[in-house]
Amino acid sequence: MLLYMAFDIACARILAPEEYAEWVFFYAVLTMMFYTGWCGINSSTKVFVSKEPVRELLTKTIQASFLLRLIVSIVIGVILILIAFPLAKCLGYPNRYPSLYQLCLLAGLLVFLNSFTEFFKELFMGLSDFKKLCGITILEFAGYFLWSLLFLIMFKRVEAIAFGYVCGGTIVFVFGTACLRHISEAGILPRKADGHRSVMGKIFKYAIPIAISSIGGMVLVEMDTLMLGVLSSKVQVATYGIAKNLCSKATHVNYALTVGCMTSFSVLTMENIIEKRSKLLKMSGINVLISLVVTGAFLFFGSFMIILMYGREYRDAGRILKYLTPYYFMYSISTFFATFLDFQGKARIKSLCYCTVIGLNLFLNWLLIPRFGAVGAAIATSLSLVPYTILVVIITAEVIKSYSKYNPI
């Protein structure tokens with residue numbers, strides 16, 4: 001989180017505001033491509049490996065998931081390269097965004113590398129191997145920061161940032177593959193896929209509802225910036241991007257807690273439900289406390305922080321941050337319980353809930369952005385998350401109740 005924020009600040013200060021706005025706009029498009037490229041496979045893999053106690057079957061699951069990840073990533077990467085030019089033209093190349101075609105050409109490779117970066121992180125999360133998870137995450141963002149900053153200082157062009165992402169992602173791919181070779185004594189790819197097809201099928205089948213949820217997440221996280229880039233000015237895109245980045249990266253604090261505790265809730269039984277319920281309530285309480293502290297910091301010190309870090313030309317981002325603070329709070333709460341539901345095999349129900357986010361977010365952005373610009377996008381993003389947050393909390397309570405006759409919540 002800290003490395004990403006340092007990198008974002010460096011981009012804003014090195015590039016002109018219009019060039020920075022172009023990167024923010026492209027990164028919104030790229031993030032949507034990331035969500036598409038994941039296809040739910042990474043989260044599905046995490047669930048399957050977390051529930052597999054037998055060493056030989058665990059190795060088989062890892063091999064099957066790696067092969068599935070490789071096939072899907074190659075297919076999506078090739079498709080993105082083929083549609084790069086028409087996509088760039090559709091989004092404003094060359095008049096509005098002069099570097100967009102070159103950036104879209106690199107998107108296929110970036111999506112391929114990112115899909116494996118997230119795959120490694122989710123896999124190690126499922127294995128409760130937090131040392132490797134930490135190593136992957138630090139290597140990822142340190143690579144983005146160092147390589148992109150180096151190319152940016154040398155060339156001072158938006159494309160330099162994308163080349164830095166390619167270098168950083170490649171290093172993570174090599175490191176993650178080496179870690180898997182160490183874990184899986186039989187190798188990371190099966191010699192014959194016949195015995196792994198059924199496992200691949202199960203992983204992919206469970207990935208489908210998670211992929212639907214990812215579409216909702218994609219809409220929630222980046223559709224506002226995309227629509228703002230099409231319907232409003234570059235200045236609005238830049239200021240909104242800064243406020244949104246602060247909120248999005250602040251959720252990493254909450255996600256650290258979620259990652260650290262959620263694997264322990266993978267297996268619930270009638271015998272352990274009282275203990276698990278007590279622990280879940282405790283962890284959710286800590287998550288709420290963290291969210292309140294960060295929310296207070298944004299409301300009281302957000303404007304000062306933005307001017308100090310990014311400069312006075314981006315001071316309007318402080319006002320946008322206040323409207324986005326409810327989004328941060330609800331996203332942090334809903335992600336905690338949504339991750340719990342993933343481990344309980346409730347991804348399909350969660351994906352149906354996320355449909356409310358998709359429809360509501362698109363409608364509110366279309367309604368508010370033309371009239372209020374970045375403020376309208378912030379209000380739309382915050383409001384669209386309200387029903388989803390309420391629903392995942394209620395469904396979590398019902399799951400807990402189903403294991404106990406004591407009506408625990």
Can you run down the ring-ring contact (aromatic ring centres under 6.0 Å, His included) pairs that involve residues 249-300, sequence neighbours left out, and say none if there aren't any? Phe298-Tyr328
Contacts satisfying ring-ring contact (aromatic ring centres under 6.0 Å, His included) that involve residues 70-89 (not counting sequence neighbours) are Phe85-Tyr101
For the residue pair [X] and [Y], categorise the inter-ring angle as parallel (less than 30°), tilted (30 to 60°) or perpendicular (more than 60°).
| X | Y | value |
| --- | --- | --- |
| Tyr165 | Phe7 | tilted |
| Phe173 | Phe120 | tilted |
| Tyr144 | Phe141 | perpendicular |

Ignoring hydrogens and angles, tell me if any N or O in the side chain of Ser43 forms a donor-acceptor pair with the backbone of Gly40 under 3.5 Å. no
Pairing donors with acceptors under 3.5 angstrom, does anything connect the side chains of Ser303 and Lys322? yes
So, Asn365 and Asp224: side-chain donor and acceptor under 3.5 Å apart, yes or no? no
In a check of side-chain contact (heavy atoms from CB on, under 4.5 Å) between Tyr240 and each of Asn245, Leu321, Leu228, Asp316, which one passes? Leu228
Tyr27 atom OH: more than 12 heavy-atom contacts under 6.0 Å: yes
Looking at residues at least two apart in the chain, or sitting in another chain, which of them share a side chain to side chain contact (heavy atoms under 4.5 Å, CB included) with Met309? Ile9, Leu246, Met305
Taking the ring of Phe116 and the ring of Phe112, is the distance between their centroids below 6.0 Å? yes
Between Tyr20 and Tyr314, does the ring centroid distance fall short of 6.0 Å? yes
